Enquirer: 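Okay, here's the structure, questions in a sec.
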Number of protein chains: 2
Amino acid sequence: MTRRSGRRSSSRNAKRLAGPGYRQIRNPYEPLEVLSPEAVERIHDGAMMILENDGMRIMDPDARRILTEAGFDVDEGSHIARFDRAGIMEAVAKTPSTVSVRGRDPAKRVEIGGGAMAFTAVGGPPFVSDLKGGRRRGNHADMCDFLRLTHMLDILHIEGGCSIDPSDLPAESRHLDFYLACCTLTDKPWKPLSVGRDRAADALAMARIVYGEDDAQLAADPVFFINTNTNTPLVLDPEIAVGIMEFARAGQPVCVTPFALSGAMAPVTLAGALALQTAETLAACALVQAVRPGCPYVYGSFTSNVDMRTGSPAFGTPEYTLAAQASGQMARYYDLPWRSSNVNTSNAPDAQAAYESEMSLWGAVTGHVGVLNQGAGWLESGLVASFEKLILDAEMLQMMAAWMDGFTVDDESLGLGAISEVGPGGHFFGTAHTLERYTDAFYAPLVSDWSNFETWTEKGAQDAAQRAHVLWQQMLADYTPPPLDESVREALEAYVVRRKEEIGRSAT
Amino acid sequence: MTRRSGRRSSSRNAKRLAGPGYRQIRNPYEPLEVLSPEAVERIHDGAMMILENDGMRIMDPDARRILTEAGFDVDEGSHIARFDRAGIMEAVAKTPSTVSVRGRDPAKRVEIGGGAMAFTAVGGPPFVSDLKGGRRRGNHADMCDFLRLTHMLDILHIEGGCSIDPSDLPAESRHLDFYLACCTLTDKPWKPLSVGRDRAADALAMARIVYGEDDAQLAADPVFFINTNTNTPLVLDPEIAVGIMEFARAGQPVCVTPFALSGAMAPVTLAGALALQTAETLAACALVQAVRPGCPYVYGSFTSNVDMRTGSPAFGTPEYTLAAQASGQMARYYDLPWRSSNVNTSNAPDAQAAYESEMSLWGAVTGHVGVLNQGAGWLESGLVASFEKLILDAEMLQMMAAWMDGFTVDDESLGLGAISEVGPGGHFFGTAHTLERYTDAFYAPLVSDWSNFETWTEKGAQDAAQRAHVLWQQMLADYTPPPLDESVREALEAYVVRRKEEIGRSAT
C-alpha cells in the first residue's frame with residue numbers, strides 16, 4: 001500500500017511538472033553587485049590592456065583574415081591578434097543587448113538578457129549515472145532519455161548541448177544522431193555542437209528542414225544557442241573558430257566562454273581571472289561582429305578556482321559565486337547578455353551537490369544571468385550527467401523561478417479583514433480569504449518531501465536523491481514525443497542517412 | 001590504509017575549523033530588496049491598523065499594567081491591548097539600531113545589525129539524531145556534545161538556545177543543567193531560556209557569577225541574546241511575557257518572533273502574514289521599551305508557509321526566502337536589527353536539507369540579517385538537532401562568510417604582468433604571482449570533497465552526510481574545554497545545587 005501511494009504521488013508529480021508551463025523567467029529585483037563601479041572600470045581597463053598588449057593567438061587562418069580585414073593588428077608569424085579598445089568597443093556596440101531563441105513549438109520562445117533568463121540542461125559530460133544503473137560511459141539510449149526528460153521539465157528552456165555524449169556511436173557522425181534526437185524528441189530550442197564547420201552546417205541544414213525556413217528567416221528569428229570556449233589563456237582553437245564563424249554567418253546567437261580557472265589557466269586572483277575572461281570573450285565577440293555585424297553574442301563566464309592542493313577545479317565555491325556576480329556586472333557594463341552555470345564538484349547527488357549548486361544558482365540569478373548553461377544534471381565537475389541531479393536541479397530552478405515571481409502587496413493581499421475576523425488565538429484555515437487562495441498560494445514542490453518523520457519513514461525513508469530516482473523513471477514512462485509532421489521526420493532521417501554515407505566515404 | 005588516511009584528513013579538517021577564528025561577519029553589499037518602498041509602507045500601515053484596531057491579547061497582568069502605564073489602551077476584560085501608532089513609533093525610536101553581545105572570552109564579541117551579523121546554532125529541538133546513533137529523544141549527554149561542537153565551530157558566534165532538550169533530566173530544573181553547560185563547555189555568548197521568571201533570574205544570576213559583574217555592568221555590555229515568540233495570531237503568552245520583561249529589566253537584548261505561518265496562524269498571503277508579523281513583534285518591542293527604554297530589541301521574523309494539503313509547516317521554500325528578505329526590509333524601515341533563520345523541512349541531511357537551507361540562508365544574508373537563529377543543525381522542521389547537519393550548515397555558513405569577504409581589484413590583483421609572462425597557451429601554476437598567494441587564495445572547505453571520482457571511490461564513496469559524521473566525531477575527540485577559574489566553577493555548581501534544592505522543595 002505504501003508503494004502504491006508512492007506511485008500515485010509520483011504520477012501526480014510527473015504531471016505537475018508540466019503544470020506551470022514553459023514560461024519566461026525574469027528577475028524583477030536589482031542585480032546583486034559585488035564590485036564597485038571603479039572596480040568594474042579597472043577590470044575593463046585590464047582586459048583592454050591584455051587585448052592591446054598580449055593579444056590572443058587565433059589558430060584559424062580564415063579567422064585571422066577576417067580580423068585583419070576588420071582592422072585588428074594580426075601577426076601572421078605568431079598568429080597573435082592584438083585588439084585596440086576602440087575596435088573592441090565598436091564590436092560590443094554592434095551586439096544586441098537581448099536576444100530571443102525559439103523552439104519548433106512556437107510557444108517555446110525564450111528571451112535572454114536584461115533580466116530575462118533561459119535555463120538549459122547540462123551539456124557535454126562523457127559519463128552518465130543514476131542510482132540504480134551506476135556510473136557508465138555516455139551512450140545513445142541514455143542521451144535520448146535525458147533529452148526526453150529535458151523536454152518534459154518545463155523549467156528548462158533550452159536543451160543542454162548534448163547532455164550525454166553518445167560514445168557508443170562513431171565519433172565522426174554522432175552529432176547527427178544527437179541533432180536528430182533534438183529535432184524529434186523535443187520541440188524546445190537546442191544547442192548544436194560548435195566544433196568544426198560540418199557540425200555547424202549540419203545543424204543549420206536540419207533547422208531549415210524542421211522550420212521550413214531559409215537562412216535569412218532563421219537568422220531573423222534564431223533557433224539555436226551556440227556555446228563554445230576559448231583555450232584559456234588567450235588561445236582560440238581553429239576548429240572552434242570555424243564553428244563560431246559558421247553560426248555567426250547564419251545569425252545564430254553565439255557565446256564564447258573562457259575556461260578561466262583561477263590558479264591554473266588564469267591568475268590566482270579573481271580580479272586577474274576576470275580581466276582575462278573579459279579580454280577573451282570580447283575578442284571572440286569582435287570576431288563574431290566582424291563576420292556578421294549585429295549577430296547576437298553573449299558574454300561567456302565560467303571563472304572558478306582550483307583546489308590548490310591538487311590543481312583540480314572546484315565549482316560552486318564562494319569564489320565561483322563572486323566571479324559569477326562580477327561577470328554579470330561586466331556583461332552589464334558592455335550591455336551584453338550574460339551566460340553563467342549551475343555547477344558543483346560533488347561525486348554524488350548529495351548535500352554537497354545541492355549547496356554548491358545553490359551557490360552557483362544564487363550567483364547567476366542575483367547577477368541577472370541571461371543563459372544558465374549546465375542548468376540541470378551536472379555532477380562530478382561536469383564529467384557526469386546524473387538523472388537524479390537533473391530532477392534535484394529542476395526543483396532548485398523552479399524554486400528560484402517562484403522566488404522571482406515575488407508577491408503582491410495590496411488591500412486584498414494584506415487581508416486585514418481576515419485578521420480581524422480570526423482575532424487573537426484563532427487560525428486562518430477556514431477563512432474565506434484563505435479558501436479563495438489556498439490551492440495555488442504557494443510553490444508546490446517536485447521532489448521535496450514535507451511529510452513528518454513518521455510518514456516519511458512509512459514511505460520508505462527515501463532521501464531526496466532516491467525520490468528523484470523514482471520520479472525520473474515515472475516521468476520517462478509518461479513521456480510522449482511532441483508532434484512532428486511525418487514528411488519532416490522523413491526528410492530529417494534522409495538527411496542523416498545521406499550525411500553519414502558522405503562521412504563514411506570521406507573517412508575511408 | 002584508506003581508513004587511516006581518512007582519519008588524518010579528518011584531523012586536519014578539525015584543526016582547520018579553528019583556523020579562521022571567531023570573527024565578525026558583515027555584508028558589504030547592498031541588501032536585496034523584494035518589496036518596493038510603497039509595498040513597505042503598505043505593510044507598515046497594515047501592521048499599524050492591526051495594532052490600533054485588533055490589538056493583541058496580553059495574558060500577563062504585569063505586562064498589561066506596564067503597557068497601560070506606558071499610555072496604551074488596555075481592556076482588562078478581554079486582556080486586549082491596543083497600540084496607537086505614535087506610541088509604537090516612539091518605542092521603535094528608543095530602540096538601538098545595533099547591539100553587541102559578548103561571551104566570557106572577551107575576544108568573542110559579536111555585533112548585530114546594520115549589516116553585521118551573528119550566526120547561532122539550532123535551538124529547541126526535542127529530538128537528536130546522527131547517522132549511526134539514529135533518532136532519539138533529546139538528552140543531557142547529546143546536549144553537551146552539541147554544545148562542545150558549537151564551541152569549536154568558529155563560524156557560530158552564539159550558542160543556539162539549548163540545541164537539544166535534555167529530556168532525561170527533570171523538567172523543572174533542566175534549564176540549570178543547560179546553563180551550567182553553557183558556562184563551562186563554551187566561552188561564547190549563549191541564549192538562556194525565556195519562558196518564566198525563574199529561568200530568566202537563574203540565567204542572570206549565573207552570568208553575575210561568570211562575569212564577576214553586577215546587573216548594571218551586564219546591562220551596559222550585554223552577554224545574552226533572548227529569543228522568544230508570540231502565539232500568533234495576536235497572543236502574548238503569560239510566561240513568555242514574564243521572561244521578556246525580566247530580561248528587558250536586565251538590559252539584555254530581546255527578540256520576539258511571531259510564528260506567522262502563512263495559511264495557518266497567519267493569512268495565506270505573504271503580505272498579510274508580514275503585516276501580522278510586524279504588528280506582533282512591534283507590540284513586543286513596545287513592551288520591552290516600556291520596561292526599560294533603550295533596551296536592545298531585535299525584529300523577529302519566521303514567516304513561512306504551510307503545505308496546504310496537510311497543514312504542516314514548510315521551510316526553506318521560495319515563500320520563506322521572500323518573507324525573509326521582506327522582513328529585512330521592514331526591520332530596516334524601523335531601523336531595528338533583524339532576526340532570521342536557517343531552516344528546512346527535510347527528514348535527512350540530504351540534498352533537500354541543503355537546498356532548502358540555502359534558500360533560507362540566501363534570504364537571510366542578502367536581507368542583511370542581524371542574528372541568524374537556528375543557524376546550524378536544524379532538521380525535520382526543527383524537531384531534530386542533527387549532528388551531521390551541524391557540520392553541513394557550518395560549511396554553508398563559512399561559504400557565505402567567504403562570499404561576504406569579496407575580493408580586491410587593484411594593480412597587483414589584476415596581475416597583468418603575470419598574464420603577459422604566461423602568454424597564450426601557458427599556465428599560471430608556477431608564476432611568482434601565483435606562488436606568492438596560493439596558500440590562502442581560496443576558501444578551504446570543511447566537509448566538501450573535491451576529489452575526482454576515482455579517489456573519492458577509493459576513500460569509501462562517502463556522501464557529504466557520511467563525511468560530516470566522521471568529522472564531528474573527530475572534532476569531539478579533539479575538544480578541550482575553555483579555561484575557567486576553579487572558584488567560578490565551584491560557585492556555579494553551588495548555585496545549581498542550591499537552586500535544584502529550592503525547586504525540589506517547591507515541587508513537593
Side-chain angles (χ1 to χ4, degrees), chain A residues 32 34 39 42 46 49-50 54 57 233-235 267-272 275-276 305 307-308 314 317-319 321-322 345 347-348 350-352 354-355 358 362 380 392 396 399 402-403 406-407 409 413-416 418-420 424-425 428 434 437-438 441-443 448 450 453 456 463-464, chain B residues 32 34 39 42 46 49-50 54 57 234-235 267-272 275-276 305 307-308 314 317-319 321-322 345 347-348 350-352 354-355 358 362 380 392 396 399 402-403 406-407 409 413-416 418-420 422 424-425 428 434 437-438 441-443 448 450 453 456 463-464:
Chain A
L32 203 159
V34 297
R42 291 195 81 149
M49 289 171 75
I50 294 166
D54 303 300
R57 185 179 295 155
L234 298 173
V235 176
V268 74
T269 48
L270 288 186
L276 183 59
N305 58 291
D307 180 347
M308 290 307 295
T317 61
E319 289 78 15
T321 312
L322 286 165
T345 324
N347 289 294
D350 62 353
Q352 180 186 335
Y355 65 67
E358 287 281 346
W362 276 95
E380 274 187 40
L392 295 169
M396 289 189 248
M399 290 170 78
W403 174 73
F407 64 97
V409 180
S413 60
L414 279 167
L416 299 186
I419 292 170
S420 292
F428 289 77
T434 301
R437 291 168 176 81
Y438 83 97
F442 306 127
Y443 172 71
S448 296
W450 295 343
F453 184 77
W456 176 76
D463 70 17
Chain B
L32 203 158
V34 296
R42 292 194 81 149
M49 288 171 76
I50 294 167
D54 304 300
R57 185 179 294 155
L234 298 172
V235 176
V268 74
T269 48
L270 288 187
L276 184 59
N305 58 292
D307 180 347
M308 290 307 293
T317 62
E319 290 78 16
T321 312
L322 286 165
T345 324
N347 289 293
D350 62 352
Q352 179 186 336
Y355 64 67
E358 287 281 347
W362 277 94
E380 276 188 39
L392 295 170
M396 289 189 249
M399 289 170 79
W403 174 73
F407 63 96
V409 180
S413 59
L414 279 167
L416 300 184
I419 293 170
S420 293
V422 167
F428 290 77
T434 301
R437 289 168 178 82
Y438 83 97
F442 307 125
Y443 172 70
S448 297
W450 295 343
F453 185 79
W456 176 76
D463 70 17

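So that the names make sense, note that chain A is the first sequence line, chain B the second, and so on, each numbered from 1. The model shown is predicted, which means the values in this text are computed figures rather than measured ones.
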Enquirer: Is any side-chain heavy atom of B:P267 closer than 4.5 Å to one of A:I419?
Expert: yes
Enquirer: Closer than 3.5 angstrom, by distance alone: can the side chain of B:N305 be matched with the main-chain N or O of A:F442 as a donor-acceptor pair?
Expert: no
Enquirer: Can you say whether B:M399 sits under 4.5 Å from chain A via the side chain, the backbone, both, or neither, judging by heavy atoms?
Expert: both
Enquirer: Between the side chain of B:E358 and the main-chain N/O of A:A354, is any donor-acceptor distance below 3.5 Å?
Expert: no
Enquirer: Is the shortest side-chain heavy-atom distance between A:F428 and B:V268 below 4.5 Å?
Expert: no
Enquirer: Side chain, backbone, both or neither: which part of B:L270 has a heavy atom under 4.5 Å from chain A?
Expert: both
Enquirer: Is there side-chain contact between A:N347 and B:W450, with at least one heavy-atom pair below 4.5 Å?
Expert: no
Enquirer: Tell me which of these, A:L416, A:L234, A:V409, has more heavy-atom pairs under 4.5 Å with chain B than the rest.
Expert: A:V409
Enquirer: Please rank A:A314, A:A275, A:A348 by heavy-atom pairs under 4.5 Å with chain B and give me the top one.
Expert: A:A314
Enquirer: Using non-hydrogen atoms only, which part of A:A418 is less than 4.5 Å away from chain B: side chain, backbone, both, or neither?
Expert: neither
Enquirer: Tell me, do B:T269 and A:L414 make a side-chain contact under 4.5 Å, heavy atoms counted?
Expert: no
Enquirer: Determine yes or no for a side-chain-to-main-chain donor-acceptor pair under 3.5 angstrom, with B:Q352 supplying the side chain and A:D463 the backbone.
Expert: no
Enquirer: Can you say whether B:V34 sits under 4.5 Å from chain A via the side chain, the backbone, both, or neither, judging by heavy atoms?
Expert: both
Enquirer: Does any backbone or side-chain atom of B:L32 lie under 4.5 Å from a heavy atom of chain A? Answer side chain, backbone, both or neither.
Expert: side chain
